[in-house]
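This one's a predicted model, so the numbers in the text were calculated from it and none came from an experiment.
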Amino acid sequence: MSGGLSSLSVLAATAALSAAAAMAALPALERELVSYARVRAVLAFVCLALLAHLAATAAAFGRPALLLNVLAHPASPVFRGVASSLAALVLLLPYARALARGDDQSRCRRLAVLAGAAGCALALAQASTQYMPWREAWASPAVMLPEAGLCAAGAVAVRAAFGRRLLSLREALLALSAPVGAALYALALGPESEPLQRLFSAELALPAAACVGLSIIVPLFALGPWLRRAPKRAEVATAFAATAAAMGFTHATLAALGEAAWRFFG
């Protein structure tokens, strides 16, 4: 896989997963009656991230004809990623319009739930791009769990940044679900599998360690006072930035596991 294509793929995945994480937090923000200005900031971020995902995906293929050919096959992972991003944008518009018009609370909550569901679907669609039954590294559906866990962690960070109450123990545990997903993926591969052994090789040791550090250590330190007080904005921003970086590292690491013996683009 070429360096430029790989970089664009990582950018697209990071943007999509970040948008999914923020969207998944919308129902909680709506239940807590967070101010429209704060929700609008989240919506603006989501829209920018989704547009970045679509732009990076298009740029990765270089030629429009090639991208259109891929999108003509609904079973392809790229189709799922693009379609879920477009669906997320479509479902955000009614919610944003309802907030701007000051619609009743029940309607806004229903639309927020739909947007949150679209975010979860986007996370799963993006994570599923790694699932490829013909490659040992990506043959298990468990390959989706690390990225799905990172989306849960990002959603908790967004909720902590804009919510009015302290985080619950359940939310604190959700923020650490990425390493749990990674562990389940490793178990699914098996201790003697070649991909898992490659994770401990010199080639992938650094990005793999970065994934672990960013998804465990940083949230623990940045959002450490979860159960005592509301985290400060800088702490939450640090946690979300670390989560987004972990998304990129994770996508790049999972993609690299199959590159040595299998290359799609030459």
Checklist line | Backbone of Val143 reached by a side-chain donor or acceptor of Ser140 within 3.5 Å | finding: no
Check: Distance-only, no hydrogens or angles: does the Gln130 side chain make a donor-acceptor pair with backbone N or O of Ala127 under 3.5 Å?
Finding: no
Nearest-0.5 Å distance that lies between atom [atom1] in [X] and atom [atom2] in [Y]:
X: Cys47; Y: Arg40; atom1: SG; atom2: CZ; answer: 12.5 Å
X: Arg107; Y: Arg101; atom1: CZ; atom2: CZ; answer: 6.0 Å
X: Leu187; Y: Leu196; atom1: CG; atom2: CG; answer: 9.0 Å
X: Leu26; Y: Arg31; atom1: CG; atom2: CZ; answer: 11.0 Å
X: Met23; Y: Cys151; atom1: CE; atom2: SG; answer: 11.5 Å

Checklist line | Trace of the side chain to side chain contact (heavy atoms under 4.5 Å, CB included) decision for Phe249 with Ser215 | finding: CA-CA 10 Å; Phe249 275 116; Ser215 61; over 6 Å; no
Item checked: Stepwise side chain to side chain contact (heavy atoms under 4.5 Å, CB included) check, Phe45 with Val158 -> CA-CA 11 Å; Phe45 169 79; Val158 173; over 6 Å; no
Would you kindly confirm whether [X] and [Y] end up in one hydrophobic cluster when ILVMFWY residues are joined by side chain heavy atoms under 4.5 Å apart?
X: Phe162; Y: Val113; answer: no
X: Val212; Y: Leu150; answer: no
X: Leu254; Y: Tyr131; answer: yes
X: Leu111; Y: Tyr36; answer: yes

Report yes if the side chains of [X] and [Y] come closer than 4.5 Å at any heavy-atom pair, otherwise no.
X: Ser18; Y: Phe240; answer: yes
X: Gln126; Y: Met247; answer: no
X: Leu50; Y: Leu122; answer: yes

Can you give me the closest heavy-atom contact between [X] and [Y], atom names plus distance?
X: Gly154; Y: Thr243; answer: N-CG2, 3.8 Å
X: Pro207; Y: Thr253; answer: CB-OG1, 3.4 Å
X: Pro27; Y: Ala112; answer: CG-O, 3.4 Å
X: Met144; Y: Leu124; answer: SD-O, 4.1 Å
X: Ala20; Y: Gly119; answer: CB-O, 3.2 Å

Show me the donor-acceptor pairs, under 3.5 Å and distance only, between side chains in residues 175-182 and residues at least two apart or in other chains.
unit_1 : atom_1 : unit_2 : atom_2 : d
Ser177 : OG     : Gly149 : O      : 3.2
Ser177 : OG     : Leu174 : O      : 2.7

Distance-only criterion, 3.5 Å: show the donor-acceptor pairs between side-chain atoms of residues 77-98 and protein atoms not counting sequence neighbours.
unit_1 : atom_1 : unit_2 : atom_2 : d
Arg80  : NE     : Ser128 : OG     : 3.0
Arg80  : NH1    : Ala75  : O      : 3.0
Arg80  : NH2    : Ser128 : O      : 3.3
Arg80  : NH2    : Ser128 : OG     : 3.3
Ser84  : OG     : Arg80  : O      : 2.8
Ser84  : OG     : Gly81  : O      : 2.9
Ser85  : OG     : His53  : ND1    : 2.6
Ser85  : OG     : Gly81  : O      : 3.2
Tyr95  : OH     : Glu30  : OE1    : 2.6

Check: Which of these passes side-chain contact (heavy atoms from CB on, under 4.5 Å) with His251: Leu17, Leu11, Thr129, Thr14?
Finding: Thr129
Notebook entry, point to check: Quick one: side-chain hydrogen bond (donor to acceptor under 3.5 Å, both in side chains) partners of Arg170, sequence neighbours excluded?
Noted result: none
